[in-house]
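Here's the structure we're looking at; comments come further down.
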Amino acid sequence: MKVFSANLDNLRKLYINQLQMLLSTEQQVAEALPKMADKATDTQLKQAFESHLQETQAHTKRIEQILRQAVGEAKAIKCKVLAALVTETEDMVKDAADDAVRDAALISAGQRVEHYEIAVYGAVRRWAQILGETAHMELLDKTIKEEGHADHLLTEVAERVNPYARKAA
Ligand SMILES: [Fe+2]
Ligand SMILES: [Fe+2]
């Protein structure tokens, strides 16, 4: 239940509010990725998680930069979606009784996160454009491209890993 209302009565307030939430999203992704890399068996999957961790740190810095420029401080609002996705990932990893099946689960978990990020960034980038924040829009666009690349990389790994998971046990 919400304790207090953020009172979002214009697009700029919604924009800032969602950037603050995205900051929490990226912080939680940065915490989850090393654990996901650790649980992955496939070398390419491990590398995909590790390289996206570097990108995620850049995403965090970009949002901090935008927020500092816009409101003078970079504070986060907890993203409850990411918290739920992380819990689901932990459950799947615990339940997976085979290395390839665990990798397949990790890939699907990773792709859920990327699609969620792409959806939120897509809306926020459009709002930046409407609000005339061209510099913000360019930074957000860089991030969306990297999220898309991470997603495609995971699709490639899945094509190779899924058949092993199918044959497992
Ligand atoms: Fe990200
Ligand atoms: Fe991402």
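Just so you know, ligand 1 is whichever comes first in the structure, and atom 1 is the first atom listed for that ligand.
Of the charged side-chain nitrogens involved, none lies within less than 4.0 Å of a carboxylate oxygen, so that K46 and D42 do not count as a salt-bridged pair.
The tally of protein N/O/S atoms under 2.8 Å from the Fe ion (ligand 1) stands at 5.
Taking the six-membered ring for Trp and thresholds of 30 and 60 degrees, Y15 and H136 have nearly parallel ring planes, at less than 30 degrees apart.
Side chains of H59 and E117: no donor on one and acceptor on the other come within 3.5 Å.
With sequence neighbours excluded, the residues satisfying side chain to side chain contact (heavy atoms under 4.5 Å, CB included) with A168 are D98, V101.
Summarising the local packing, CD of Q69 is surrounded by more than 12 heavy atoms from other residues, nucleotides or ligands at distances under 6.0 Å. The environment of K61 atom NZ is sparse: at most 12 non-hydrogen atoms of other residues, nucleotides or ligands sit within 6.0 angstrom.
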